[in-house]
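What follows is one structure encoded as structure tokens, with my remarks underneath.
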Amino acid sequence: MNIVDGDKIECSRCDELVLLDDANILGKSNNRTYAKPLCDDCLENVGVPRGYELERDVSYLKSD
């Protein structure tokens, strides 16, 4: 994941910059190193596949 300007992240599907407050992180349930940020539109298109978890509150990733 590439955090930009301390409060934005790039969607791994469409490359749109999304505020961390609005980002969704799709990750493998048993593998915390695999995490893909998605914007709302891409999440709507992809959904949450079996074996993955969705994390909506990623505000802890913000840097001052």
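Residue numbers start at 1 and run along the sequence shown.
Rounded to the nearest 0.5 Å, atoms CG (L38) and CD (E10) are 12.0 Å apart. Within the model, atoms CG of L26 and CD of E53 stand 9.5 Å from one another, a figure rounded to the nearest 0.5 Å.
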List the atom pairs, donor and acceptor, that lie under 3.5 Å between side-chain atoms in residues 40-51 and the rest of the protein, sequence neighbours left out.
from	atom 1	to	atom 2	distance (Å)
D40	OD1	N24	ND2	2.9
N45	ND2	D41	O	3.4

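By the side chain to side chain contact (heavy atoms under 4.5 Å, CB included) test, D5 pairs with D7, K8, sequence neighbours left out.
For the pair S12 (side chain) and P37 (backbone), a donor-acceptor distance under 3.5 Å is present.
L19 and L17 fall into different hydrophobic clusters, defined by Ile, Leu, Val, Met, Phe, Trp and Tyr side-chain heavy atoms under 4.5 Å apart, directly or through other members.
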